[in-house]
There are 2 protein chains.
Amino acid sequence: MDRADRALLEALQADSSRSIAELAGCVNLSPSACHRRIKALEEQGLILGYAARVDPRRLGLAVEVFVEITLNSQSREAMDRFERAVCDFDDILECHLMSGTSDYLLRVAAADLDHYDRIHRDCLARLPGVSAMKTSFSLRRIKRFAGYSVPS
Amino acid sequence: MDRADRALLEALQADSSRSIAELAGCVNLSPSACHRRIKALEEQGLILGYAARVDPRRLGLAVEVFVEITLNSQSREAMDRFERAVCDFDDILECHLMSGTSDYLLRVAAADLDHYDRIHRDCLARLPGVSAMKTSFSLRRIKRFAGYSVPS
DNA sequence: CATGAAACTCGATGGCA
DNA sequence: TGCCATCGAGTTTCATG
């Protein structure tokens, strides 16, 4: 992967709706070359797909929540059960197995505190094997995720 | 916003590269109606833009890191200075002002621990007014963020 | 006035030099 | 690899309920 591919990846993460001709202009490539590069990136699996970036606030999801979770047991079975449950709940947007004090970090979005309370009761409280749960609310988003910076 | 719009938003977050005809099929809409709905969603600001979803692992970014930060001072000036610095560093992918024990939550991606060490020295350690920094590594991604679930 | 169909236009795609 | 022709999809317009 050379300079042009990296620049292309950055551009596609920032705005994939631009035409190939436009993208080619940014990277100093011919449109056909640009087209081939993008195909190659897709085939290599670097580009998983394309998606619309949606504003959660406009969706009515004003509250972003991070939940740190500790399990009762760190046995393989307990973790598998927990992870399967996490994947089943649509309200859990993202989940990481973590190093450090907690076992898992969850990310959730809610309309307001009532809605979060509902999600807590209907989804978080039903996760199996949880011994402790620490909830942190995002008061303000300082910097929005806008794609990975492509390392040179 | 009615049922069709919500279904459309979910579909666009999952895969915006589908043709309008395909999307219209999912939502039981005529292609022209579907096109108009999407335009409306864009104009209302619900859709911020379109982007390629990139696989960080394939990019060589194997390590995802969450960094909790506490400032020396919670004065308006200290926070403003910190937030401006955060926005300047491309290696900081995301930043939230948080409730709870820490002040800020940062998200960073690195190729390996050496790379993270470099980012730490060149970027995180240069953030102004930091009194404590707690780093947590994601050992495994259980669930990837794939768009907000659209509340009905 | 909102909706659907059809024509048009532009850009993506594939073959060729 | 770059160019050109083809094709398909997005866009606009118009006709209809």
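Convention: sequence-line order gives letters A, B, ...; per-chain numbering from 1.
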Checklist outcome for this item: Rounded to whole Å, CD1 of A/Ile38 lies from P of C/dT13 at a distance of 9 Å
Checklist entry - Considering all heavy atoms of both residues, which atom of B/Cys34 and which atom of B/Leu8 are nearest to each other, and what is their separation? => result SG-CD1, 3.8 Å
Item to check | Residue A/Lys39, side-chain atoms from C-beta onward, closest of C/dG4, C/dT13, C/dA12 | outcome: C/dT13
Checklist entry - Side chains of A/Glu83 and A/Tyr104: donor-acceptor distance under 3.5 Å anywhere? => result yes
Checklist entry - For A/His35 and C/dT13, is the shortest distance between a side-chain N/O and OP1 or OP2 below 4.0 Å? => result yes
Checklist entry - Quick one: which of D/dG2, D/dG10, C/dA5 gets closest to the side chain of B/Ile20? => result D/dG10
Checklist entry - Taking atom types as they are modelled, is there a donor-acceptor pair under 3.5 Å from the base of C/dG4 to the side chain of B/Arg36? => result yes
Item to check | Rounded interatomic separation in angstrom, taking OH from A/Tyr50 and C1' from C/dA12 | outcome: 12 Å
Checklist entry - Whole-Å distance between D/dG10 P and B/Glu42 CD? => result 12 Å
Next on the checklist: Quick check on DNA chain C: between B/Ala33 and A/Pro31, whose nearest nucleotide comes earlier from the 5' end?
Outcome noted: B/Ala33
Item to check | B/His96 and A/Phe66: CA distance, side-chain angles, deciding distance, ring-ring contact (aromatic ring centres under 6.0 Å, His included) verdict | outcome: CA-CA 10 Å; B/His96 291 267; A/Phe66 292 87; 5.2 Å; yes
Next on the checklist: In whole Å, I'd like the distance from the CG atom of B/Asn28 to the C1' atom of C/dG4.
Outcome noted: 15 Å
Checklist entry - Rounded to the Å, how far apart are B/Leu23 CG and D/dA9 C1'? => result 12 Å
Checklist entry - Atom CG of A/Leu12 to atom C1' of C/dA12: distance rounded to whole Å? => result 14 Å
Item to check | Listed nucleotide nearest any side-chain atom of B/Ser19, set D/dA9, C/dG11, C/dG4 | outcome: D/dA9
Checklist entry - Are A/Val150 and A/Phe145 connected in the hydrophobic side-chain network, where two residues link if heavy atoms are under 4.5 Å apart? => result yes
Checklist outcome for this item: The nucleotide from D/dG2, C/dG4, C/dT13 with an atom nearest the side chain of A/Ser32 is D/dG2
